[in-house]
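Here's the structure we're looking at; comments come further down.
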Amino acid sequence: YKATLGYPRGTVGHSVNRAIGGIYMVMGDFGEERIGNVFNSAEARRLFPKSVSSGASKEMATIEYNYWAGVLERNPNSRGGQLGSSFGPRARDVIQKAAGLLPGGQGTNDGDVCNNT
């Protein structure tokens, strides 16, 4: 979550941050595995400043999906892998874009909606 803080509205980083925040509000840290490693990766960080209306949003969605599919492949009993891999790149792209349109702004590292990475 913190890896995506501070990106302006209209960017992949902002949209991903809003989607993560929404997921955390509903599920807490249930099944999160080590998804923070994905959001902190150089590959993801390269996409965060790009426009959410570009192909970068779908690329980020694919990175996330591949992570969850890999978790599920390594451990078929992983709840995070089961849930995370049930949303393909197209669905993730749509969800991220929609989350980025929600009203409200991003927090700071003090008192965020969630404090995981």
Side-chain angles (χ1 to χ4, degrees):
Y1 182 80
K2 289 181 182 179
T4 61
L5 280 175
Y7 290 93
R9 187 177 294 277
T11 63
V12 172
H14 175 81
S15 294
V16 169
N17 177 271
R18 302 296 299 207
I20 294 168
I23 292 167
Y24 186 79
M25 285 175 36
V26 173
M27 301 190 63
D29 59 7
F30 175 79
E32 75 178 24
E33 301 283 335
R34 298 200 177 276
I35 189 65
N37 292 340
V38 172
F39 298 124
N40 283 293
S41 72
E43 186 178 22
R45 288 183 180 263
R46 173 182 62 80
L47 300 172
F48 292 156
K50 296 186 178 185
S51 171
V52 73
S53 61
S54 72
S57 179
K58 179 86 178 274
E59 191 175 344
M60 185 65 220
T62 300
I63 291 168
E64 291 175 69
Y65 172 77
N66 288 341
Y67 168 77
W68 288 117
V71 167
L72 184 62
E73 184 177 316
R74 288 185 299 280
N75 179 3
N77 296 316
S78 166
R79 297 291 186 214
Q82 291 168 357
L83 185 59
S85 65
S86 68
F87 295 90
R90 184 167 184 252
R92 287 176 174 282
D93 184 36
V94 169
I95 291 167
Q96 287 172 180
K97 287 176 178 172
L101 297 174
L102 294 173
Q106 296 184 33
T108 65
N109 287 337
D110 301 321
D112 287 326
V113 171
C114 65
N115 59 14
N116 60 328
T117 54

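Owing to the predicted nature of the structure, the values given are computational and were not obtained by experimental measurement.
- Shortest non-hydrogen contact noted between R92 and W68 is NH2-CD1, 3.1 Å.
- No side-chain heavy atom of F39 sits under 4.5 Å from any side-chain heavy atom of K2.
- Contact of the T11 side chain with the P49 side chain is not registered, since no non-hydrogen atoms from C-beta on lie closer than 4.5 Å.
- Here the closest non-hydrogen pair linking S53 and S51 is OG-OG, 2.8 Å.
- Rounded to the nearest 0.5 angstrom, S15 OG and Y7 OH are separated by 12.5 Å.
- For the atom pair Q96 CD and R18 CZ, the distance stands at 13.5 Å (nearest 0.5 Å).
- Between the side chain of T62 and the main chain of K58, a donor-acceptor pair closer than 3.5 Å is present.
- A donor-acceptor distance shorter than 3.5 angstrom exists from the side chain of R74 to the backbone of G70, with no hydrogens or angles considered.
- Rounding to the nearest 0.5 angstrom, the gap separating the CG atom in L47 from the CD1 atom in I63 is 5.0 Å.
- How far CG of L83 is from CG of L72: 10.5 Å, rounded to the nearest 0.5 Å.
- Not counting sequence neighbours, the partners of A44 by the side-chain contact (heavy atoms from CB on, under 4.5 Å) test are S41, F48, M60.
- One finds the CD1 atom of I23 at 7.5 Å from the CD1 atom of I95 (value rounded to the nearest 0.5 Å).
- Across every non-hydrogen atom of A19 and A99, the tightest pair is N-CB, 3.6 Å.
- Between the side chain of Y67 and the backbone N or O of R34, at least one donor-acceptor pair lies under 3.5 Å.
- Shown here are the salt bridge (charged side-chain N to carboxylate O under 4.0 Å, His left out) partners of R46, two or more places apart in sequence or in another chain: E59.
- Put simply, NE2 on H14 and CG on L5 are 11.0 Å apart, with the number rounded to the nearest 0.5 Å.
- Proximity of a side-chain donor or acceptor of R9 to a complementary backbone N or O of G100 within less than 3.5 Å is detected.
- Considering all non-hydrogen atoms of both residues, A3 and N40 come closest at CB-OD1, 3.3 Å.
- Pairing each heavy atom of P89 with each of Y65, the nearest pair is CD-CG, 3.8 Å.
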